[in-house]
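Structure first, then comments.
Proteins come first, then strands; the chains are lettered A, B, ... in the order of their sequence lines, and each starts at number 1.
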There are 4 protein chains.
Amino acid sequence: MNTFGKNFRITTFGESHGKALGAVIDGCPAGLALAEADIQPLLDRRRPGKSPSESARGEKDRVAILSGVFEGRTTGAPIALVVQNEDVKSEDYAELREAFRPGHADVTYFAKYGIRDHRGGGRSSGRETVGRVAAGAVALKILKGNGITVSGRIMEVHGKSGAKEIEREILAAKEAGDSVGGIAEVVARGCPPGLGDPVFGKLDAAIAGAMMGIGAVKGVEIGDGFAVAQRFGSGNNDPMTADGFASNHAGGILGGISTGQEIVVRIAVKPTPSIAKVQTTRNIHGEVVDISVKGRHDPCIVPRIIPVAEAMLALVLVDALLEQQMVR
Amino acid sequence: MNTFGKNFRITTFGESHGKALGAVIDGCPAGLALAEADIQPLLDRRRPGKSPSESARGEKDRVAILSGVFEGRTTGAPIALVVQNEDVKSEDYAELREAFRPGHADVTYFAKYGIRDHRGGGRSSGRETVGRVAAGAVALKILKGNGITVSGRIMEVHGKSGAKEIEREILAAKEAGDSVGGIAEVVARGCPPGLGDPVFGKLDAAIAGAMMGIGAVKGVEIGDGFAVAQRFGSGNNDPMTADGFASNHAGGILGGISTGQEIVVRIAVKPTPSIAKVQTTRNIHGEVVDISVKGRHDPCIVPRIIPVAEAMLALVLVDALLEQQMVR
Amino acid sequence: MNTFGKNFRITTFGESHGKALGAVIDGCPAGLALAEADIQPLLDRRRPGKSPSESARGEKDRVAILSGVFEGRTTGAPIALVVQNEDVKSEDYAELREAFRPGHADVTYFAKYGIRDHRGGGRSSGRETVGRVAAGAVALKILKGNGITVSGRIMEVHGKSGAKEIEREILAAKEAGDSVGGIAEVVARGCPPGLGDPVFGKLDAAIAGAMMGIGAVKGVEIGDGFAVAQRFGSGNNDPMTADGFASNHAGGILGGISTGQEIVVRIAVKPTPSIAKVQTTRNIHGEVVDISVKGRHDPCIVPRIIPVAEAMLALVLVDALLEQQMVR
Amino acid sequence: MNTFGKNFRITTFGESHGKALGAVIDGCPAGLALAEADIQPLLDRRRPGKSPSESARGEKDRVAILSGVFEGRTTGAPIALVVQNEDVKSEDYAELREAFRPGHADVTYFAKYGIRDHRGGGRSSGRETVGRVAAGAVALKILKGNGITVSGRIMEVHGKSGAKEIEREILAAKEAGDSVGGIAEVVARGCPPGLGDPVFGKLDAAIAGAMMGIGAVKGVEIGDGFAVAQRFGSGNNDPMTADGFASNHAGGILGGISTGQEIVVRIAVKPTPSIAKVQTTRNIHGEVVDISVKGRHDPCIVPRIIPVAEAMLALVLVDALLEQQMVR
């Protein structure tokens with residue numbers, strides 16, 4: 001399933017070292033002003049090589065709109081977005097043709113398909129998110145037109161918070177040939193009440209699925225999340241007053257439907273599995289081998305996951321916004 | 001969206017105080033031995049009124065199979081499962097016709113639809129899970145035939161673990177007219193490697209969506225979950241040896257695809273919003289009012305959420321199991 | 001796939017001689033006034049036993065709404081509709097336990113599933129349409145509220161037109177232990193322009209799929225249908241004048257999207273395969289046997305297919321109507 | 001909806017005069033040998049400009065596989081197929097910026113979206129089928145590996161049959177500044193019994209939707225189609241003998257499920273609406289104007305619709321073939 005969404009649907013494609021990556025958006029309302037310039041800044045934010053704490057892969061990630069836009073406006077037709085791969089060094093991955101990286105999708109893709117594009121992780125690479133971010137940029141523009149904004153931030157890395165501390169943790173891990181995990185938060189502001197569906201289409205269910213569907217994410221919380229497990233109901237319920245809700249423990253969602261408050265989502269991001277440190281693993285022949293992963297990997301994926309998480313939240317919200325037009 | 005799944009699809013229906021609840025299963029393989037006796041024990045586990053720490057509503061929850069089974073075997077036709085509501089006391093809910101319970105879906109349903117079945121929470125009631133559990137029983141039977149088992153347990157309630165401690169916490173909350181939250185864990189054993197799809201159909205994404213789609217769940221973790229945020233990659237990766245994986249931090253899923261290890265899921269469950277304690281809230285006219293919720297509510301939903309979480313995990317796994325037959 | 005529709009989705013269930021038949025509607029807008037009395041008349045129209053030219057099975061087909069309606073209005077929750085089977089005579093079908101009726105789904109169901117509910121044709125029976133017609137009644141009510149009506153009529157039976165002639169043909173076939181086919185037409189009036197989606201969601205594609213999905217239908221035409229094959233473009237194009245279109249060869253759909261004119265659909269209905277006349281066939285053991293079908297079968301299904309075809313057209317149109325709210 | 005299929009899903013994109021057209025295939029089994037050379041011949045068959053009776057647009061239609069194939073085999077990842085537009089003469093269409101061609105989607109797209117890419121018909125152009133044919137080529141290759149072939153032919157044009165007669169009719173229409181319609185037939189051979197789903201997923205329903213979803217198609221028949229309306233059941237049923245079915249009036253499908261016989265589909269194709277002859281129409285301002293359509297249009301679309309119809313039938317069959325693996 002490389003398609004996401006019911007009403008605003010995106011289908012992504014592309015591998016880390018393939019010819020190109022991209023997405024086709026289907027169900028985008030007609031009449032939206034749209035140009036590459038609306039999408040490029042988001043792709044630039046997720047682009048590698050912007051700082052020493054990121055992968056050194058030098059991709060420009062220039063997006064081209066192939067269809068669905070006429071004289072600067074969307075026509076209702078599918079919008080194909082394509083980004084060419086340029087700085088590919090597949091030779092760095094020769095060792096990975098046979099060996100499975102511990103903690104990586106290498107072994108499960110092989111188990112599933114019996115074949116695996118090992119170059120740069122193929123479809124399991126973080127580069128797959130290019131298509132999500134490109135499509136998410138269109139979703140974000142629609143949201144903006146509806147008064148809704150989405151923004152993410154790093155909460156902590158390796159248990160530490162604060163930009164300086166975090167930078168230090170990441171670089172220390174890098175020098176040690178290792179990687180570190182962290183937590184990110186994404187917040188949507190300006191959402192009207194009523195978005196999301198009861199039962200299986202709950203807004204928080206859709207968000208949880210969207211977030212856990214980002215590689216490296218191992219946990220998702222809405223509002224106070226796991227902290228609610230230690231609460232009394234009287235302390236966790238958000239009282240309603242004349243001015244609205246007195247608190248937002250719920251994170252903007254009750255019964256799967258938005259309350260109109262801020263929608264607050266937190267995700268746990270695991271440390272990148274691809275590390276230079278020597279690890280024990282197996283290869284496709286079942287032999288135990290040692291591995292030291294080469295290639296240009298991020299020592300911490302949390303900073304670069306932010307625009308991806310924003311994109312995914314935006315996609316969920318646009319889908320719900322369109323759905324809501326059919327409800328009454 | 002009251003339908004869940006792509007290949008093994010269930011559509012549920014019914015409200016807390018309506019005539020009946022149930023589910024229609026579509027896509028169940030033909031030839032499976034199936035009778036009400038396969039489903040009833042699961043419904044009995046989720047049934048209220050089994051202990052003092054649960055709602056006193058006295059439902060028998062007898063399931064009837066209306067279709068899709070012929071001479072004791074499934075035919076490939078849709079399987080309709082229906083449970084009649086019997087012990088309905090809608091008069092307990094008269095006050096809730098106008099007032100929104102804090103922390104409850106009352107207010108968001110009204111915002112969404114402009115109309116609301118207030119009796120017992122209508123569709124937002126925990127009773128909605130009758131259909132899920134009934135359909136989940138069929139999924140569990142299919143899994144069992146494939147050597148896969150699913151079982152859940154209470155991890156902690158209000159920060160406490162251990163059956164005695166937990167029982168005490170729940171009853172104390174009940175006496176105080178309050179409620180408490182907790183954490184539950186569900187584990188699937190015997191899953192073959194290869195289940196789940198890359199990108200948007202990741203097994204953990206589907207599980208996260210399924211779990212967050214259960215009312216009262218505010219957080220979902222796979223494997224070590226939020227703990228990975230504080231790790232180095234070298235400590236979080238699961239090494240592969242000649243005997244298989246040396247650890248299971250990943251919780252049985254890598255790159256969205258099962259590894260063949262135990263699949264480990266944890267969920268944070270909020271305290272039930274419906275409490276006897278007086279709370280401040282608003283009504284449908286926008287007036288601020290005090291409310292003390294009557295009706296027969298669970299002071300802690302964690303015990304009764306276990307069979308629901310098992311059902312949802314089973315539904316996700318059966319769907320993935322069927323999908324896997326088309327992959328190569 | 002027992003679910004139909006994207007936005008207004010129905011899931012049907014039930015077999016000819018099972019306990020009950022029905023449908024669950026998901027995605028019905030909230031606030032619609034709805035009661036059993038809105039549905040029953042449509043079911044009565046498709047009910048057997050109303051005339052000598054129809055099956056003598058004496059079903060009352062009383063519909064019950066189990067969910068989704070509160071104080072006479074839809075709530076946005078799924079609407080479960082159930083009809084109990086009452087006049088079942090499975091003993092008439094004992095011979096069919098092993099023999100496949102020529103021209104019937106008996107043989108293909110067995111090939112597909114390896115198991116078959118032979119009683120009354122099981123899921124392949126025309127009784128399956130009870131759920132469609134019940135759900136279609138809700139769709140028709142929504143359409144009516146939007147100024148759209150749908151009505152069908154018999155065009156011809158066995159090559160003859162005119163009520164008297166048709167009645168005579170049917171009764172003659174019945175007396176001969178045979179059956180006859182015919183053509184029906186369904187027309188929707190009052191549709192706004194703009195319904196339907198380009199490419200795979202074309203309105204005529206959806207209609208064609210809906211109609212061909214009714215048992216016994218072997219051909220579908222929109223507008224002038226097969227007659228266009230003999231035309232020049234200059235004679236087939238519908239000119240636009242100041243007053244609108246000067247003709248309607250297109251049948252109200254251009255490029256898969258409604259023009260605002262009448263939507264005209266014709267279907268070819270084959271003669272019922274279940275006939276008393278002796279036929280040569282095979283049984284599940286591969287033996288050649290003679291068969292004379294007992295049971296209470298319609299000698300011509302065209303009259304009773306009309307409400308089913310109306311229901312299916314209504315379902316397609318409601319789905320498109322909801323979709324259109326998201327397009328700009 | 002620009003996505004087609006449940007298991008083998010294609011999403012197409014692109015306009016007649018846009019940058020490129022293409023399709024993304026999702027759900028293609030892994031391990032299939034695939035290269036551009038498998039796809040190009042099919043695109044060459046549908047390519048314009050091969051004879052005087054076709055549009056003179058000189059497109060090479062070279063397909064590029066952007067993703068999903070590694071070392072000559074599919075990996076299970078989505079396969080993006082792209083064809084660049086080269087020979088675009090948008091100036092020919094300047095007149096159509098405001099005027100709606102009679103019989104064309106111009107007017108309905110405008111009604112639906114309020115915006116319209118008039119250049120070459122935009123998304124409503126026959127060029128949209130490039131993506132279908134490219135994706136269909138992959139489906140055809142899978143079918144071939146399963147012993148199934150699909151082939152189409154022209155039955156008649158303007159009421160005439162025979163290659164010579166047909167060529168003459170088309171050229172005569174062209175000289176007259178007009179166009180002609182016709183009938184095509186597509187047959188699938190080698191299909192196993194059991195493909196297709198009862199009720200809404202009937203194989204003939206899927207085929208009818210697929211065929212009517214091709215621009216210009218106004219009618220679809222399976223097997224004997226409309227001819228069955230004049231039959232007795234005794235004459236229409238296909239008897240089963242020791243050697244199999246004695247006839248194939250049903251066109252290889254009973255109860256929506258394949259019988260194992262040839263699957264026979266016929267489609268009615270309307271004359272191309274874009275003709276040089278002067279026609280009366282309206283423009284976007286509501287004024288009545290005369291129009292003579294310029295641009296390079298086919299005087300008869302029947303020959304070029306054959307590979308498209310083959311592609312659509314192949315897509316339906318592959319989808320059903322995959323589905324069948326989950327049924328027992």
Side-chain angles (χ1 to χ4, degrees), chain A residues 1-3 5-7 9-32 64-85 90 97 109-110 112-119 122-125 128 131, chain D residues 1-3 5-7 9-32 64-85 90 97 109-110 112-119 122-125 128 131:
Chain A
M1 282 301 292
N2 294 280
T3 295
K6 171 182 175 276
N7 304 307
R9 290 172 300 279
I10 71 163
T11 301
T12 69
F13 62 87
E15 291 91 34
S16 182
H17 289 207
K19 287 188 191 164
L21 299 126
V24 180
I25 304 173
D26 195 11
C28 182
L32 178 76
I65 300 176
L66 297 190
S67 65
V69 174
F70 174 62
E71 299 184 345
R73 298 207 168 259
T74 59
T75 61
I79 303 167
L81 306 170
V82 176
V83 166
Q84 305 294 322
N85 279 324
S90 298
R97 177 183 277 275
Y109 271 59
F110 192 72
K112 184 174 191 71
Y113 297 111
I115 182 174
R116 177 171 69 96
D117 182 349
H118 70 281
R119 302 164 307 161
R123 183 77 177 144
S124 75
S125 163
E128 170 266 321
Chain D
M1 282 302 293
N2 295 278
T3 295
K6 173 182 175 274
N7 304 307
R9 291 172 299 279
I10 73 162
T11 301
T12 68
F13 62 87
E15 291 91 35
S16 182
H17 289 206
K19 287 189 191 163
L21 299 127
V24 180
I25 303 172
D26 196 9
C28 182
L32 179 76
I65 299 176
L66 297 189
S67 65
V69 174
F70 174 63
E71 299 185 342
R73 298 208 166 258
T74 59
T75 62
I79 303 167
L81 307 171
V82 176
V83 166
Q84 306 294 323
N85 278 324
S90 298
R97 176 182 279 275
Y109 270 60
F110 192 71
K112 182 174 192 73
Y113 296 110
I115 182 175
R116 178 171 68 96
D117 182 350
H118 69 281
R119 304 164 307 163
R123 183 74 177 146
S124 74
S125 163
E128 169 267 322

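- There is no contact between A:Gln84 and chain D, counting heavy-atom distances below 4.5 Å.
- The shortest heavy-atom contact between A:Thr12 and D:Pro78 is O-CG, 3.3 Å.
- Closest heavy-atom contact between D:Asp26 and A:Thr3: OD2-N, 3.9 Å.
- Options D:Gly27, D:Gly18, D:Gly68 differ in how many heavy-atom pairs under 4.5 Å they form with chain A, and the most are formed by D:Gly68.
- If you measure heavy-atom distances from A:Ile65 to chain D, the contacts under 4.5 Å come from the backbone alone.
- The side-chain contact (heavy atoms from CB on, under 4.5 Å) test with A:Phe70 singles out one residue from D:Arg116, D:His118, D:Glu15, and that residue is D:His118.
- There is no contact between D:Glu128 and chain A, counting heavy-atom distances below 4.5 Å.
- The minimum heavy-atom distance linking A:Thr75 with D:Ile115 is given by the pair CA-CG2, 3.8 Å.
- A side-chain contact (heavy atoms from CB on, under 4.5 Å) with D:Phe13 holds for exactly one of A:Leu81, A:Leu66, A:Ile79; it is A:Leu66.
- In this structure, the portions of A:Arg73 lying under 4.5 Å from any heavy atom of chain D include both its backbone and its side chain.
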